[in-house]
Chemist: 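Could you have a look at this structure, given as structure tokens, before my questions?
Every chain is numbered from 1 and lettered A, B, ... according to where its sequence line falls, protein lines coming before strand lines. Below, all heavy atoms of this structure are taken into account, side chains as well, without hydrogens, waters or symmetry copies.
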Protein chains: 2
Amino acid sequence: MISSIAELIADRIGTMPAGERRAAQTLIASYPMIGLKTVAEFSTAAGVSSPTILRFVARLGFQNYPEFQSSLQDELAAQLQSPAIRTLNPPSPGGGTVSPMLEATLDNMRETFRHLSDKQLTDIAARLADRRGKTFLIGGRFTDPLARYMAAHLAVIQPDVFHLAGQESMWRDRLIDMGKRDVLVIFDIRRYQDSLVRFAEKAHQRGVQIVLFTDQWLSPIARFARHVIAGRTAVPSAWDSSAALFVVVETLIGAVTRQLEADGARRIREMEGLR
Amino acid sequence: MISSIAELIADRIGTMPAGERRAAQTLIASYPMIGLKTVAEFSTAAGVSSPTILRFVARLGFQNYPEFQSSLQDELAAQLQSPAIRTLNPPSPGGGTVSPMLEATLDNMRETFRHLSDKQLTDIAARLADRRGKTFLIGGRFTDPLARYMAAHLAVIQPDVFHLAGQESMWRDRLIDMGKRDVLVIFDIRRYQDSLVRFAEKAHQRGVQIVLFTDQWLSPIARFARHVIAGRTAVPSAWDSSAALFVVVETLIGAVTRQLEADGARRIREMEGLR
DNA sequence: GGAGCGCTGTATCGTATGTTACGTATTTTG
DNA sequence: CAAAATACGTAACATACGATACAGCGCTCC
């Protein structure tokens with residue numbers, strides 16, 4: 001079974017004429033980067049002419065050069081999605097139901113945070129800690145618990161935190177309370193819910209700043225969002241995993257808490273007194 | 001020091017207008033593959049126009065689009081040569097908010113699963129998949145979302161799944177419906193809630209099998225529980241972390257789903273039909 | 001409420017890129 | 001050794017890609 005272009009080349013390099021063989025060798029030598037550049041660059045790097053490069057990719061079975069490049073890109077993408085850690089850490093023995101799931105989840109978290117800068121998080125935290133406006137949270141079918149979780153914590157350290165739950169008509173009417181200074185935190189992963197998209201759009205029209213938690217494919221709500229957090233969700237299971245997003249939520253809760261330290265502490269003490 | 005384009009984006013995304021920010025977000029979401037494609041593909045993926053993409057790369061400091069692509073390619077090449085060193089998000093200096101939190105969370109998960117045998121999980125999954133009895137789920141102040149999350153998933157693949165919410169008096173009365181064949185899943189971490197303990201005790205007296213999700217210090221409910229899952233919760237934050245428990249929940253959901261494969265699949269198809 | 005500014009998309013343009021045709025060189029075969 | 005076939009490069013071509021000018025729109029600030 002031939003799965004990569006590199007293998008394909010190794011398979012056919014024997015039957016190639018001299019010029020094309022040089023092309024093949026230079027591609028293998030710095031695989032696959034040269035193949036992503038232009039035909040002209042490729043040809044000079046290999047010391048042959050452009051048509052030779054084109055004949056080379058044609059011999060590999062591609063209709064044209066762009067198709068060849070797309071194939072290389074797909075390969076790269078697949079390679080990048082399964083982080084090196086997985087190949088370095090042997091697929092832990094036993095192979096029960098636990099390990100693959102856990103490993104994938106850990107990878108997801110690392111990947112998610114790799115694409116998430118410290119600055120972005122502190123920006124969002126600052127926005128959430130800004131007490132001039134209200135904070136609304138809402139989630140989809142399976143992600144609403146995340147919204148609840150976040151709301152439960154934020155509500156402890158600051159006022160005006162509202163989790164939008166129940167019937168759609170219920171929270172749709174809350175739009176009337178939302179304005180420019182307010183923040184709407186939305187959780188929406190595949191399959192994206194129309195009702196949420198509509199809600200986000202209307203909120204956006206009212207000037208509400210939207211913080212979106214979604215998957216790597218980005219919910220259409222990203223159109224309206226001020227901040228987008230894209231978490232990895234793929235795991236060897238029938239379901240998508242929200243664990244990475246969950247960890248981001250906890251991180252954010254921690255960051256907001258730190259920013260509200262002074263006020264928050266007093267508030268918490270008061271609360272304790274009320275219990 | 002800014003070494004990667006991803007960092008560059010994170011640094012400037014705050015100062016970008018809406019359209020360019022969408023470009024930035026889509027690039028980050030599937031970094032860096034989109035950036036290697038054509039402007040047209042990039043723009044449609046981001047839902048903006050081509051000029052916006054070009055303005056975006058210009059704002060990042062590149063003279064033109066090809067220069068931007070070359071830069072991405074160089075980054076990729078460097079990354080591929082030393083897979084072990086992932087330079088995207090450097091171990092944030094100055095002890096940022098991200099790293100310690102994430103590291104602690106990952107450690108928690110590894111520790112949690114180290115003390116959790118495959119057998120224990122499959123046992124619990126089997127119990128939950130047993131359709132002769134009903135399944136009730138309930139959680140504490142901050143862990144109730146976990147119960148909801150689990151309930152939302154289980155309810156899709158089997159009938160008789162109930163999340164106990166609302167006023168204490170509401171779910172206390174549901175005790176009347178619980179019997180020997182039923183399972184009660186309880187989430188309770190510090191500070192343990194008296195109301196939950198009392199509820200668990202009464203359920204236990206009625207012969208209900210209790211599955212307890214708690215922290216490493218074990219809620220008093222462990223006395224009555226048939227299965228106890230102890231997750232690590234310590235993180236460098238003002239709050240405890242439920243992330244490890246969350247991952248266990250997802251793992252369990254996956255395991256139950258697998259056990260109910262045959263029935264579950266038909267059930268899901270039926271549900272799809274109803275939508 | 002009006003004027004100004006900044007952002008965004010449409011339409012157009014120039015050009016770099018991939019592609020092809022053709023002539024020359026090189027190798028192969030009878 | 002001659003003749004044919006194959007391989008390769010040069011040069012012209014067409015397409016599609018990135019770049020730019022311009023107009024419409026919304027927003028902010030007087």
Side-chain angles (χ1 to χ4, degrees), chain A residues 5 12-27 32-73 132 178-182 201-210 220 222-226, chain B residues 9 12-27 32-73:
Chain A
I5 296 183
R12 303 197 187 175
I13 197 171
T15 72
M16 293 182 185
E20 298 178 29
R21 197 172 317 139
R22 290 184 61 186
Q25 280 158 351
T26 42
L27 175 57
M33 299 316 294
I34 281 284
L36 298 178
K37 302 193 182 288
T38 68
V39 174
E41 286 180 272
F42 193 167
S43 66
T44 57
V48 296
S49 67
S50 317
T52 300
I53 299 297
L54 295 174
R55 282 187 283 264
F56 163 65
V57 304
R59 192 183 298 266
L60 291 179
F62 296 99
Q63 294 298 320
N64 48 32
Y65 195 72
E67 184 183 303
F68 161 75
Q69 287 189 317
S70 297
S71 198
L72 275 182
Q73 286 189 10
R132 283 173 303 185
M178 304 187 190
K180 290 187 205 301
R181 335 200 88 163
D182 302 331
E201 183 171 11
K202 294 207 185 88
H204 174 67
Q205 284 166 0
R206 295 186 64 87
V208 179
Q209 288 206 12
I210 295 180
R223 286 183 56 99
F224 317 116
R226 181 67 204 267
Chain B
I9 292 172
R12 306 199 185 171
I13 197 172
T15 70
M16 294 183 185
E20 298 177 31
R21 198 161 44 227
R22 285 176 59 189
Q25 280 155 352
T26 41
L27 176 57
M33 298 316 293
I34 282 282
L36 298 179
K37 301 193 184 290
T38 67
V39 174
E41 286 180 273
F42 192 167
S43 66
T44 56
V48 298
S49 68
S50 317
T52 300
I53 298 296
L54 296 174
R55 282 186 284 262
F56 164 66
V57 303
R59 191 183 298 267
L60 292 180
F62 297 98
Q63 293 300 319
N64 49 30
Y65 195 72
E67 184 182 304
F68 161 74
Q69 286 189 317
S70 297
S71 198
L72 275 182
Q73 288 188 8

Chemist: Can you give me the closest heavy-atom contact between A/A24 and A/M16, atom names plus distance?
Modeler: CB-SD, 4.3 Å
Chemist: Are the side chains of A/Q25 and A/I13 in touch, meaning some heavy atoms are under 4.5 Å apart?
Modeler: yes
Chemist: Taking the side chain as C-beta and beyond, is there a heavy-atom pair between A/I5 and A/S71 under 4.5 Å?
Modeler: yes
Chemist: Suppose we screen for side-chain contact (heavy atoms from CB on, under 4.5 Å). Which residues come up paired with A/T38, at least two apart in sequence or across chains?
Modeler: A/A40, A/E41
Chemist: Could you pull out the closest heavy-atom pair between A/T26 and A/A45, with the gap in Å?
Modeler: CG2-O, 3.8 Å
Chemist: Does B/K37 offer a backbone N or O that forms a donor-acceptor pair with the side chain of B/Q69 under 3.5 Å?
Modeler: yes
Chemist: Reading nucleotides 14-20 of chain D from the 5' end, what letters show protein touch, with B for base, S for backbone sugar-phosphate only, - for no heavy atom under 4.0 Å?
Modeler: ---SSBB
Chemist: Treating primed atoms plus P, OP1 and OP2 as sugar-phosphate and everything else as base, which nucleotides of nucleotides 22-30 of chain D get B, S or - for protein heavy atoms under 4.0 Å?
Modeler: ---------
Chemist: Identify the heavy atoms of A/L36 and A/Q73 that sit nearest to each other, and give their distance.
Modeler: CD2-CG, 3.8 Å
Chemist: Minimum heavy-atom separation for A/I34 and A/F42, please, with both atom names.
Modeler: CG2-CD2, 3.3 Å
Chemist: If you define the side chain from C-beta out and look only at heavy atoms, does anything of A/E201 sit under 4.5 Å from A/F224?
Modeler: yes
Chemist: Please report the shortest heavy-atom distance between A/A23 and A/A46, naming the atom on each side.
Modeler: CA-CB, 4.0 Å
Chemist: Taking 5' to 3' order, which nucleotide of DNA chain C is first and which is last to have an atom within less than 4.0 Å of a heavy atom in chain A?
Modeler: C/dT17 to C/dT20
Chemist: Distance-only criterion, 3.5 Å: show the donor-acceptor pairs between side-chain atoms of residues 48-60 of chain B and protein atoms not counting sequence neighbours.
Modeler:
from	atom 1	to	atom 2	distance (Å)
B/S49	OG	B/T52	OG1	3.3
B/R59	NE	B/E20	OE1	2.5
B/R59	NH2	B/E20	OE1	3.2
B/R59	NH2	B/E20	OE2	3.1

Chemist: With a 4.5 Å cut-off on side-chain heavy atoms, are B/I9 and B/L27 touching?
Modeler: yes
Chemist: The helix from C/dG1-D/dC30 to C/dG30-D/dC1: angle between its terminal axes, five pairs each, to 10°?
Modeler: 30°
Chemist: In whole Å, I'd like the distance from the CZ atom of A/R21 to the P atom of D/dA7.
Modeler: 11 Å
